[in-house]
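Worksheet: the structure to be examined is printed underneath.
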Amino acid sequence: MTGYRLPTTPAGAIRQQKEIARKVIATDDHGEIRFVCGVDVSYRKGMAHCSAVVMDIADLNIVVEQARTKSEIKHPYIPGLFMLREAGPILRTLKRLKHYDLVMVDGHGLLHPRRCGLACYVGVVKDKPAIGAAKSLLCGSVRDDNYIELGGKTLGYMITAEGRRKKNLYVSIGHRMSLESAVSLVKSMTKKEEWLPEPLRLADTYSRL
DNA sequence: GCGACAG
DNA sequence: ATCTTGTCGC
């Protein structure tokens with residue numbers, strides 16, 4: 001049983017990140033991916049509103065399953081320690097879902113100072129394939145071919161939205177996925193003219209309700 | 001030491 | 001992320 005204790009302090013979070021970073025599987029070690037779950041959290045009045053949306057990779061217009069939770073905000077936002085603030089609400093929400101083959105997280109995966117962004121944390125703890133998709137860069141540098149490297153390693157890829165908006169999305173491995181597969185899956189689930197893949201776009205919308 | 005810094 | 005009016009564009 002993969003039993004992890006939610007971190008309570010920054011030091012505790014860093015300790016877990018180093019431990020989990022070693023357990024991330026960066027290859028396509030998974031079964032068929034059909035149902036994709038997108039999770040996002042919004043905040044208001046001291047509460048964290050988390051939303052999880054499951055969609056069939058074959059139909060981007062139908063929500064197969066959905067769940068929402070409202071939790072007290074326990075920690076402040078600290079760059080690099082995002083999981084300290086959102087892991088709790090997200091794991092609570094994922095428990096309410098019946099089924100999903102992969103989870104897309106609104107944040108980075110391996111493209112992180114300690115190679116353990118929120119997507120890796122959620123993926124390893126749940127031992128589920130996971131992908132990190134962030135709206136801005138935390139670290140690393142984008143090369144001309146759009147791949148992003150950090151410390152001599154290629155850990156991410158920047159997707160530029162087709163729309164006239166200069167919106168970029170930074171994709172990296174969460175767990176049990178290769179970067180190439182993660183990028184193609186994100187692209188395949190992003191509608192024309194849209195910035196975020198449907199599961200994340202809808203999770204974002206639902207979390208604000 | 002200084003600056004940068006997922007949501 | 002959130003606080004916020006009008007405003008530009010499909």
Side-chain angles (χ1 to χ4, degrees), chain A residues 6-7 10 13-14 16-18 20-21 24 38-53 68-94 103-125 130-142 146-151 153 155-175 179 182-183 186 191-197 199-209:
Chain A
L6 284 175
I14 291 176
Q16 276 194 23
Q17 290 183 321
K18 292 178 178 175
I20 290 176
V24 172
V39 288
D40 190 30
V41 184
S42 64
Y43 303 84
R44 55 214 202 244
K45 299 302 295 179
M47 300 298 268
H49 298 257
C50 181
S51 166
V53 174
R68 271 181 284 172
T69 62
K70 186 173 70 175
S71 322
E72 240 178 54
I73 297 177
K74 297 294 187 60
H75 305 283
Y77 162 66
I78 303 174
L81 297 179
F82 200 23
M83 45 89 101
L84 184 59
R85 183 178 173 80
E86 300 200 332
I90 288 177
L91 294 176
R92 239 190 90 196
T93 308
L94 291 180
V103 56
M104 291 186 118
V105 178
D106 189 3
H108 296 290
L110 285 181
L111 188 56
H112 177 280
R114 284 172 292 281
R115 306 282 191 73
C116 185
L118 180 61
C120 294
Y121 186 81
V122 173
V124 172
V125 169
I131 293 175
K135 296 186 286 298
S136 66
L137 213 50
L138 168 63
C139 57
S141 51
V142 185
N146 277 32
Y147 273 98
I148 304 166
E149 56 179 52
L150 204 190
K153 302 285 185 179
L155 300 176
Y157 185 84
M158 179 178 83
I159 295 177
T160 299
E162 289 301 312
R164 61 282 170 193
R165 280 301 186 188
K166 49 194 170 187
K167 302 284 194 179
N168 296 319
L169 192 61
Y170 306 87
V171 179
S172 62
I173 292 170
H175 189 47
L179 179 56
V183 171
V186 169
K191 289 185 175 180
K192 186 69 175 178
E193 297 298 276
E194 285 304 325
W195 178 31
L196 303 173
L200 281 181
R201 192 180 69 76
L202 293 180
D204 179 279
T205 296
Y206 293 180
S207 72
R208 297 170 192 282
L209 298 179

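Computed over heavy atoms, backbone and side chain alike; hydrogens, waters and symmetry mates excluded.
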Query raised in the report: Any side-chain heavy-atom pair from A:K135 and A:L196 closer than 4.5 angstrom?
Result: yes

Requested in this report: Identify which one of A:H175, A:E86, A:Q16 satisfies the side-chain hydrogen bond (donor to acceptor under 3.5 Å, both in side chains) criterion when paired with A:Y121.
Outcome: A:Q16

Query raised in the report: So, do A:I148 and A:L137 sit near enough that their side-chain heavy atoms are less than 4.5 Å apart?
Result: yes

**Report entry** Side-chain heavy atoms of A:L200 within contact of A:V186, under 4.5 Å
**Finding:** no

Query raised in the report: Can you tell if the side chain of A:R92 reaches within under 4.5 Å of the side chain of A:C50, non-hydrogen atoms only?
Result: no

Query - Any A:R44 side-chain nitrogen or oxygen under 4.0 Å from OP1 or OP2 of C:dC3 - result: no

Query raised in the report: Any donor and acceptor pair, going by atom type alone, linking the side chain of A:N146 with main-chain N or O of A:M158 inside 3.5 Å?
Result: yes

Pairs: protein N or O with nucleotides 3-7 of chain B N or O, under 3.5 Å:
| residue | atom | partner | partner atom | Å |
| --- | --- | --- | --- | --- |
| B:dA6 | OP2 | A:Y77 | OH | 2.3 |
| B:dA6 | O5' | A:Y77 | OH | 3.3 |
| B:dA6 | N7 | A:G80 | N | 3.0 |
| B:dA6 | N6 | A:G80 | O | 3.1 |
| B:dA6 | N6 | A:F82 | N | 3.2 |
| B:dA6 | N6 | A:H112 | NE2 | 3.4 |
| B:dA6 | N1 | A:L118 | N | 3.0 |
| B:dA6 | N3 | A:H108 | N | 3.0 |
| B:dG7 | OP1 | A:K135 | N | 2.6 |
| B:dG7 | OP2 | A:S136 | OG | 2.8 |

Query - Sidechain-backbone polar pair: A:Q17 side chain, A:P113 backbone, donor-acceptor under 3.5 Å - result: no

Query - Per-nucleotide protein contact string for nucleotides 5-10 of chain C, where B marks a base within reach and S marks sugar-phosphate only (heavy atoms under 4.0 Å, - for neither) - result: ------

Query raised in the report: Do A:R68 and A:S207 touch side chain to side chain, with heavy atoms closer than 4.5 Å?
Result: no

